[in-house]
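A short write-up of the structure that comes next.
Numbering of ligands and ligand atoms starts at 1, following listing order. Predicted model, so just to flag it, every value in this text is computed and none were measured. The analysis underlying the following values was restricted to heavy atoms, covering all of them including side chains, and did not include hydrogens, waters or symmetry mates.
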Amino acid sequence: MTLILVIETSCDETGAAVYDLEQQKILSNVLFSQIKEHEKYGGVVPEIASRSQLEKINPIITASLQEANLSIDQIDVIAVAQGPGLVGSLFVGLCFAKGIAWSYNKKIIGVNHLDGHVFSSFLKNDLTVEQNIGFPHLCLSVSGGHTSLYLVNDFGSYEVVGQTIDDAAGEAFDKIAKILGFGYPGGPVIEKLAEQANFQDYFNYPRTRPRGQDVFFSFSGLKTAVLYDLVKRGVYDLNVGPIVQNLTDELKQQVSSSLLVCIGDIFVNNVKLAFKKYPNVQSFTFVGGVACNKYLRSRLELICNKYNKKFFFAPPQFCTDNAAMIAFVGGYKTLRAEFSVLSLDVKV
Ligand code: KG4
Ligand code: ZN
């Protein structure tokens with residue numbers, strides 16, 4: 001039996017998990033989210049994030065071992081998210097992992113956080129591993145920090161088909177939510193309001209046009225277009241901020257709904273181009289924090305059905321940052337003996 005203890009502290013979540021490699025089963029997955037500490041600032045404050053990581057790391061790791069009913073002596077390998085992410089937060093997890101590996105004489109593996117997201121759709125809600133995705137497949141990975149479409153050739157091997165040239169889609173949700181005074185993170189609030197407006201397109205915000213047949217994302221112009229549309233409607237002042245008495249619930253719902261439909265169209269248009277470019281792929285996966293969005297999932301599922309591709313998405317608990325997705329990558333790296341040296345460093 002090979003047991004892997006996993007630490008993930010890339011941003012504003014402290015995560016720890018235990019993975020049983022032979023059984024391909026996550027034995028525990030514990031997460032502390034700092035959302036409450038950051039929401040009043042409208043985004044993550046790096047210094048607050050790293051200090052909170054320091055407070056939480058020990059109790060979260062202890063809780064994950066307890067939940068798996070194991071002691072540290074029974075662990076074989078320590079896997080740790082090495083980056084990209086916030087340098088201070090990453091340092092906490094990495095130093096802790098190195099400390100455990102050194103003092104208990106365990107092997108250590110540094111894991112790329114983005115690999116964790118790309119392969120997170122291999123985890124099922126019942127904590128076992130999905131066997132039907134296959135290679136090569138296409139993966140749309142969308143979070144607050146990235147929006148990329150990948151051709152995934154094997155575990156640990158993938159290439160960028162297209163990615164955002166400016167903001168990530170999650171960032172667009174967060175920034176527009178901030179403009180409207182919804183707080184952080186913006187995606188879940190916007191989804192709820194959009195549902196109340198029946199996912200209709202009221203304002204026809206600009207869709208970024210792919211250059212020729214290239215897969216291509218850009219969300220910075222969309223954010224500006226929404227902002228100036230709000231100014232035009234008399235609900236936002238560029239110097240003062242939202243004019244709350246004019247910002248009706250109906251308008252909030254309509255803006256949210258139009259935004260979501262617009263981002264849905266941008267995704268679908270790009271995925272269609274990718275399916276044409278790579279006709280041999282059989283499957284498509286949708287991962288990252290934004291893949292929590294049911295509307296976007298249903299749009300992507302529809303297009304997959306149309307093109308006869310199997311559709312998979314990471315369950316919501318594995319969409320946003322979590323240690324289980326790092327565990328899965330740590331698992332296939334262990335099988336390949338891709339261990340790190342103790343001098344491994346963060347990779348921001
Ligand atoms: O993967 P994640 O936890 O963090 C990064 O690595 O960035 O993703 C967070 C992002 C935020 O931008 C948040 O607004 C977005 O995921 N998000 C959503 C939803 N839930 C979270 N976006 C749209 N709809 C949602 N339901
Ligand atoms: Zn992430």
Side-chain angles (χ1 to χ4, degrees), residues 6-15 29 31-35 38-39 41-44 46 49 53 81-86 89-90 93 111-121 123 139-148 150 163-164 167-180 182-196 199 217 219 222-223 255-264 266-267 285-300 313-329 347-348:
V6 187
I7 301 174
E8 151 64 53
T9 62
S10 301
C11 187
D12 59 337
E13 267 107 8
T14 314
N29 183 37
L31 193 74
F32 172 78
S33 171
Q34 305 170 7
I35 274 183
H38 299 279
E39 62 187 359
Y41 302 102
V44 176
Q53 296 286 4
Q82 205 179 346
L86 300 175
S89 290
L90 285 164
V111 173
N112 180 304
H113 178 83
L114 297 181
D115 290 8
H117 280 298
V118 169
F119 296 96
S120 59
S121 52
L123 294 175
C139 169
L140 180 62
S141 181
V142 192
S143 75
H146 53 273
T147 302
S148 306
Y150 299 112
Q163 62 191 350
T164 180
D167 290 354
E171 204 175 345
F173 284 124
D174 296 336
K175 285 182 174 169
I176 292 168
K178 193 173 177 185
I179 291 170
L180 292 163
F182 295 164
Y184 174 84
V189 190
I190 287 176
E191 179 176 23
K192 214 167 127 210
L193 289 166
E195 190 178 5
Q196 288 159 7
F199 304 118
F217 301 95
F219 296 99
L222 172 60
K223 174 196 66 194
V255 170
S256 300
S257 189
S258 305
L259 175 67
L260 194 50
V261 176
C262 176
I263 289 182
I266 293 170
F267 285 177
T285 68
F286 185 31
V287 302
V290 175
C292 289
N293 192 291
K294 290 201 196 80
Y295 169 81
L296 293 173
R297 275 192 333 232
S298 70
R299 293 283 311 267
L300 291 166
F313 59 91
Q317 60 170 322
F318 305 129
C319 282
T320 46
D321 290 348
N322 66 90
M325 68 182 190
I326 304 298
F328 182 73
V329 176
K347 285 187 183 163
V348 265

Give the numbers and elements of all ligand 1 atoms closer than 4.0 Å to a heavy atom of Pro185. 13 (C), 14 (O)

Within rounding of 10°, what is the angle whose vertex is the Zn ion (ligand 2) and whose arms end at OD1 of Asp321 and NE2 of His113? 90°

Look at the side chain of Gln34 and the backbone N and O of Ala49, then say whether any donor-acceptor pair between them is shorter than 3.5 Å. yes

Are any of the heavy atoms in Glu13 under 4.0 Å away from ligand 1? no

Closest approach of Pro316 to Arg297 (non-hydrogen atoms, all atoms of both residues): CG-NH1, 4.0 Å

Protein heavy atom at shortest distance from atom 24 (N) of ligand 1: Asn293 ND2, 2.9 Å

Within the 3.5 Å criterion, strictly below it, is a donor on Ser143 or His146 matched to an acceptor on the partner's side chain? yes

Between Ser89 and Thr9, which heavy-atom pair has the shortest distance, and what is it? O-OG1, 2.8 Å

Consider ligand 1: state whether an atom of it lies below 4.0 angstrom from any non-hydrogen atom of Ala169. no

Heavy-atom distance under 4.5 Å between the side chains of Val44 and Tyr184, does that happen here? yes

Nitrogen or oxygen atoms of Gly144 and ligand 1 under 3.5 Å apart: yes

Give a yes/no on ligand 1: does Cys11 have at least one heavy atom closer than 4.0 angstrom to it? no

Gly170 N/O under 3.5 Å from ligand 1 N/O: yes

Can you give me the closest heavy-atom contact between Val142 and Gly170, atom names plus distance? CG1-N, 4.4 Å

N/O separation below 3.5 Å, Asp174 to ligand 1: yes

Check ligand 1 against Gly145 and write out every atom of the ligand that is under 4.0 Å from a heavy-atom position of the residue. 7 (O)

Note: ligand 1 atoms sitting under 4.0 Å from heavy atoms of Phe173 are 22 (N), 23 (C)

Taking only non-hydrogen atoms of Cys319 and a 4.0 Å limit, the atoms of ligand 1 in range are 1 (O)

Would you mind reporting whether Leu259 and Phe173 have side-chain heavy atoms less than 4.5 Å apart? yes

All heavy atoms of Leu90 vs all of Ala81, minimum pair found to be CD2-O, 3.7 Å

Residue pair Phe217 / Leu140, side-chain heavy-atom distance below 4.5 Å: yes

Please state whether the rings of His113 and His117 are parallel, tilted or perpendicular, taking 30° and 60° as the class boundaries. perpendicular

Per-atom contacts, ligand 1 versus His117 - under 4.0 Å to a heavy atom: 1 (O), 6 (O)

Suppose we measure from atom 26 (N) of ligand 1 to each protein heavy atom; which comes out shortest, and what is that distance? Glu191 OE1, 2.8 Å

Protein residue, atom and distance nearest to atom 8 (O) of ligand 1, heavy-atom basis: Gly289 CA, 3.4 Å

Among Asn322, Asp321, Val287, Val189, which residue places a heavy atom closest to atom 4 (O) of ligand 1? Asp321

Mind checking whether Phe199 and Tyr295 have parallel, tilted or perpendicular rings, split at 30° and 60°? parallel

Where ligand 1 meets Gly186 - atom numbers and elements under 4.0 angstrom, heavy-atom basis: 14 (O)

Among Asp12, Val290, Thr320, whose heavy atom sits nearest atom 15 (C) of ligand 1? Val290

Under 2.8 Å from the Zn ion (ligand 2), can any N, O or S atom of Cys11 be found? no

Heavy atom of the protein closest to atom 18 (C) of ligand 1 (residue, atom name, distance): Gly187 CA, 3.6 Å

Without swapping roles, check the side chain of Ser33 against the backbone of Glu13 for a donor-acceptor pair under 3.5 Å. no

Heteroatom N/O/S of His146 within less than 2.8 Å of the Zn ion (ligand 2): no

Heavy atoms, side chains only, cut-off 4.5 Å: are Ile263 and Leu222 in contact? yes

